[in-house]
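Since the structure comes first, as structure tokens, the remarks are kept for the end.
Chain naming here is simple, since letters A, B, ... match the order of the sequence lines and numbering starts at 1 in each. Note that these values count all heavy atoms, side chains included, but never hydrogens, waters or copies made by symmetry.
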Amino acid sequence: MADLRGWLLDLYADEADSLVLWLLAEDGRRLRLTQPFPLTFYAHGPFPRLRALWRFLQQQPVGIQLARTVRQDLFAGPLDVLAVTVSNPAWQPRLFRQITRCFPDLTYYDADIPLGLRYAAVFDVFPLCYCAVEVDDSGRIQHITPLESRWDVSPSQPPLRLLTIEPNEEPAHREPSFLWLDDGRSRRQVPLQPLPLLLASLHATVRRVDPDVILTRFGDTWLMPLLLKSAQELGAEWFNLNRDEGKAVIHRQENSYFTYGQVVYRGQQVHLYGRYHIDQHNAMMYGEYGLHGAFEQARVTGLPVQEIARKSPGSGVTALQMQEALRRGILVPYQKQQAEGFKTAAQLIHADRGGLVYQPTLGLHEDVVEIDFVSMYPSIMVRFNVSPETVGIENETSEHIPELDVPVDLSRVGLVPRTLRPLLVKRIAIKEQLAGLTALDCRTPALKARAAALKWLLVVCFGYLGYKNARFGRIESHEAVTAYGRDCLLRAKEAAEDLGYEVLHMYVDGLWVKKAGVNKNEQARPLLDEITQRTGLPIALEGIYKWVAFLPSRLDARVPVANRYFGVFQSGEIKTRGIETRRHDTPPWIAQVQLAMIQRLAKVPTGRPLASAVPDLIVFLRQQIDELRNGRIPLPHLLVSQRLSREIGAYRVPSPTCRAAMQLDAVGKPRRPGQRIRFWFVRGKAGVHAWDLPVVVETAALDTERYTTLLLRAASAILQPLGIEETEVRQAVLARAWQMPIPMSHDHLVTWAST
DNA sequence: TACAGTCGGGG
DNA sequence: GTGTACGACTGTA
């Protein structure tokens with residue numbers, strides 16, 4: 001017998017040992033422990049069919065216990081169900097597949113719950129949780145007790161060992177020749193060839209370092225498959241990157257799937273046992289919050305680190321709801337795995353016309369106050385108890401939703417608010433900690449990452465509420481949230497107007513308002529307090545703009561566009577929406593020039609007209625175009641990156657992306673729908689040159705005309721609020737003052753052109 | 001001119 | 001296996 005303390009690293013089902021847990025013990029040992037962990041799922045249906053299932057299960061060779069019982073369905077209340085308890089969780093998936101084949105007509109519950117969630121629901125122990133464990137001499141867990149909660153704001157830090165592996169080239173682009181290996185103490189190169197040596201070297205390094213995390217670039221899509229294939233071909237059975245050497249790695253195939261109006265590509269994946277492999281390039285949200293964010297999401301959701309790192313936060317929300325249901329004894333309906341919704345609140349707002357969108361007052365405005373409701377939709381769900389099972393329930397506690405005349409039951413806290421409240425509370429607590437730290441504090445990056453990770457869980461939860469296929473989704477609850485949202489925004493507008501503000505714009509959860517004399521942060525305080533008082537929702541000051549410009553539609557200059565603007569806060573921070581800098585398909589050069597133009601405008605001293613910067617901007621644009629024509633813009637800065645939305649054969653119009661993908665196809669580098677294709681615009685018939693082609697593009701071949709047009713278009717978005725039209729920008733930049741007069745209708749330009 | 005194809009969003 | 005918003009805008013024919 002031994003009493004241990006340490007952090008839970010990994011947990012999975014095992015044919016021989018039922019449940020395997022890896023513990024990072026306080027003394028630094030990594031221990032493989034085991035535990036019996038029987039699990040139960042349920043079937044519901046006509047009695048004769050349940051009896052048939054009972055007989056079928058009695059004949060199975062594996063250890064199964066059967067019982068008739070009553071369980072709660074979230075909507076239908078108590079249900080008569082057959083409880084099927086499997087003594088080893090490793091048998092459950094195969095057994096369940098068999099059952100659904102033979103009894104497709106029955107309804108199943110708790111049948112596809114990730115093991116870690118069940119474990120968290122039973123023991124309150126989650127990935128990276130610090131816990132106390134009592135084990136017998138054969139490593140079997142007798143007791144396990146958490147020493148911290150998943151809602152702790154400052155969790156203990158497991159001393160994880162990290163090994164970073166990355167190739168010297170991007171494999172889809174150029175054949176790499178060596179790997180960079182970094183164990184935190186030294187960084188060294190390992191040649192890729194010869195392969196037997198590479199296998200031996202990596203195997204030895206992983207044995208020696210014994211990392212808890214192998215962090216790679218292109219590990220999923222290139223390195224691991226390459227290693228596995230080589231090991232197989234060379235008969236190198238000793239090669240194993242798992243900590244649990246009795247296991248083969250999990251290799252999942254690539255796929256493209258359609259979700260919410262776009263194709264998403266998910267590269268193949270390689271997961272390890274006993275340690276984590278995370279490929280930064282195949283981790284959907286990794287760029288948003290990194291390793292600390294992935295750890296935070298694993299902690300609160302209970303999903304394995306390797307899963308949550310690669311998935312969208314949508315799966316995390318589902319996990320949170322499942323765990324909440326498990327803890328409360330509510331049945332979790334079985335369904336085939338969903339494509340994860342990568343649909344943020346704003347997407348849905350657009351899609352469903354749910355959010356309130358105003359037309360902004362066009363043009364340039366000074367001293368504009370922007371205020372935003374904090375996590376508006378989650379806050380509404382918690383504040384007004386919006387949940388699929390509470391909406392539409394009339395009783396003496398019910399409150400009616402504005403506009404909809406639909407009641408909401410307030411007699412019990414709904415599943416969704418119960419799930420969300422601790423997330424909101426934890427995020428606010430982390431943000432409060434952050435507020436007390438400087439940007440240079442060593443704790444700041446991790447806290448920021450964790451706040452962002454929680455924010456993302458909150459953002460996507462709204463989508464899941466109304467998603468018709470979500471387990472606990474219901475469209476009525478979704479409509480309820482947007483109705484409350486519109487109501488709150490209108491109340492905010494009234495509050496602002498009552499306090500003497502002019503409302504310039506409103507967008508879903510934000511307001512842009514202005515009042516003479518209000519240009520300091522603390523002056524907005526009464527407005528914030530008034531709005532919170534009238535709506536019951538927290539609202540925060542985003543900032544006060546020195547100036548902000550709301551842009552019109554490019555197709556009709558009289559029509560405002562809800563989300564096309566740029567501005568500069570008093571802090572000097574720039575905010576842009578809807579313009580080229582924000583688009584992922586804008587070549588970096590154009591995005592940088594556009595941003596540089598805003599930066600130059602931001603430097604115009606208060607009191608001087610912004611238009612005074614125009615001559616400088618025109619000179620700047622001329623210089624940039626000269627650089628382009630002289631081939632001095634670095635080639636990567638001119639790359640366009642667009643997502644391939646379908647197979648190339650399915651295109652009816654050969655878009656530039658399609659043509660670039662065809663070029664790659666022709667050289668044996670096919671690309672899948674959902675993958676990004678990078679290319680240059682070049683002169684000639686094809687018009688494009690794919691970045692991943694073996695032939696490097698000639699600078700002379702670049703379509704400078706096209707890049708010039710794109711640049712001037714981006715520039716004119718910035719100059720438009722200063723009263724300069726695109727044709728005028730074009731003439732001013734391309735025509736040389738000493739060659740021809742510049743026909744300008746604006747005084748400042750005429751003055752400048754004549755000098 | 002018609003319409004096909006791509007993007008954003010959230011902070 | 002997963003299921004197709006919507007408006008703004010650009011590019012092709």
Considering only the [atom1] atoms, how many Å lie between [N] and [M], rounded to the nearest integer?
N: dG11(B); M: dA8(C); atom1: C1'; answer: 23 Å
N: dT6(B); M: dA5(C); atom1: P; answer: 15 Å
N: dG5(B); M: dT4(C); atom1: C1'; answer: 14 Å

From [atom1] of [X] over to [atom2] of [N], roughly how many Å is that when rounded to an integer?
X: Tyr265(A); N: dT6(B); atom1: OH; atom2: P; result: 18 Å
X: Asp703(A); N: dT12(C); atom1: CG; atom2: P; result: 10 Å
X: Arg554(A); N: dT10(C); atom1: CZ; atom2: C1'; result: 9 Å
X: Leu712(A); N: dT10(C); atom1: CG; atom2: C1'; result: 16 Å
X: Leu541(A); N: dG11(B); atom1: CG; atom2: C1'; result: 15 Å
X: Gln642(A); N: dG8(B); atom1: CD; atom2: C1'; result: 13 Å
X: Ile648(A); N: dA4(B); atom1: CD1; atom2: C1'; result: 17 Å
X: Gln359(A); N: dA8(C); atom1: CD; atom2: C1'; result: 13 Å

Considering just the side-chain nitrogens and oxygens of [X], establish if one lies under 4.0 Å of OP1 or OP2 belonging to [N].
X: Arg266(A); N: dT2(C); answer: no
X: Arg582(A); N: dG9(B); answer: yes
X: Arg583(A); N: dT6(B); answer: no
X: Arg713(A); N: dT10(C); answer: yes
X: Ser553(A); N: dC9(C); answer: yes
X: Arg659(A); N: dT12(C); answer: yes
X: Ser655(A); N: dT12(C); answer: no
X: Ser645(A); N: dT6(B); answer: yes
X: Arg577(A); N: dG11(B); answer: no
X: Arg646(A); N: dG5(B); answer: yes
X: His584(A); N: dT6(B); answer: no

Item checked: Flag if over 12 foreign heavy atoms under 6.0 Å of CZ, Phe96(A) ->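 More than 12 heavy atoms, drawn from other residues, nucleotides or ligands, come within 6.0 Å of this atom.
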Among [options], the nucleotide that comes nearest once only the side chain of [X] is considered:
X: Asp585(A); options: dC7(B), dA13(C), dC9(C); answer: dC7(B)
X: Arg652(A); options: dA4(B), dG11(B), dC9(C); answer: dA4(B)
X: Lys455(A); options: dG11(B), dC9(C), dG8(B); answer: dG11(B)
X: Pro656(A); options: dG11(B), dT6(B), dG11(C); answer: dG11(C)
X: Tyr651(A); options: dG11(B), dT6(B), dT12(C); answer: dT6(B)
X: Thr657(A); options: dG9(B), dC9(C), dT6(B); answer: dT6(B)
X: Arg676(A); options: dC7(B), dG11(B), dA13(C); answer: dC7(B)

Atom [atom1] in [X], atom [atom2] in [Y]: separation rounded to 0.5 Å?
X: Leu437(A); Y: Arg443(A); atom1: CG; atom2: CZ; result: 5.0 Å
X: Tyr707(A); Y: Leu638(A); atom1: OH; atom2: CG; result: 5.0 Å
X: Arg101(A); Y: Ile99(A); atom1: CZ; atom2: CD1; result: 10.5 Å

Margin query: Given the ring of Tyr265(A), does Arg672(A) sit roughly above its face, with NZ or CZ under 6.0 Å from the centre of the six-membered ring and within 45° of the axis?
Written below: no
Margin query: Less than 6.0 angstrom from the centroid, inside 45 degrees of the normal: does Arg564(A) satisfy that with respect to the ring of Phe550(A)?
Written below: no
Note to self: Any base atoms under 4.0 Å from Arg564(A), or only sugar-phosphate, or nothing? Heavy atoms, all strands.
What the structure shows: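 If one applies the 4.0 Å heavy-atom cut-off, Arg564(A) turns out to touch the sugar-phosphate alone, with no base involved.
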Next item on the list: Would you mind classifying the nucleic acid contact of Leu710(A) as base, sugar-phosphate or nothing, using non-hydrogen atoms under 4.0 angstrom?
Entry: sugar-phosphate
Next item on the list: Verify the ring-centre separation between Trp512(A) and His505(A): is it less than 6.0 angstrom?
Entry: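 Yes, ring centres under 6.0 Å apart.
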Note to self: Under a 3.5 Å cut-off for both contacts, is dT4(C) paired Watson-Crick or G-U wobble with anything, and if yes, with which nucleotide?
What the structure shows: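 Partner of dT4(C): none found under 3.5 Å.
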Item checked: Identified pairing partner of dC3(B), criterion: Watson-Crick or G-U wobble below 3.5 Å -> dG11(C)
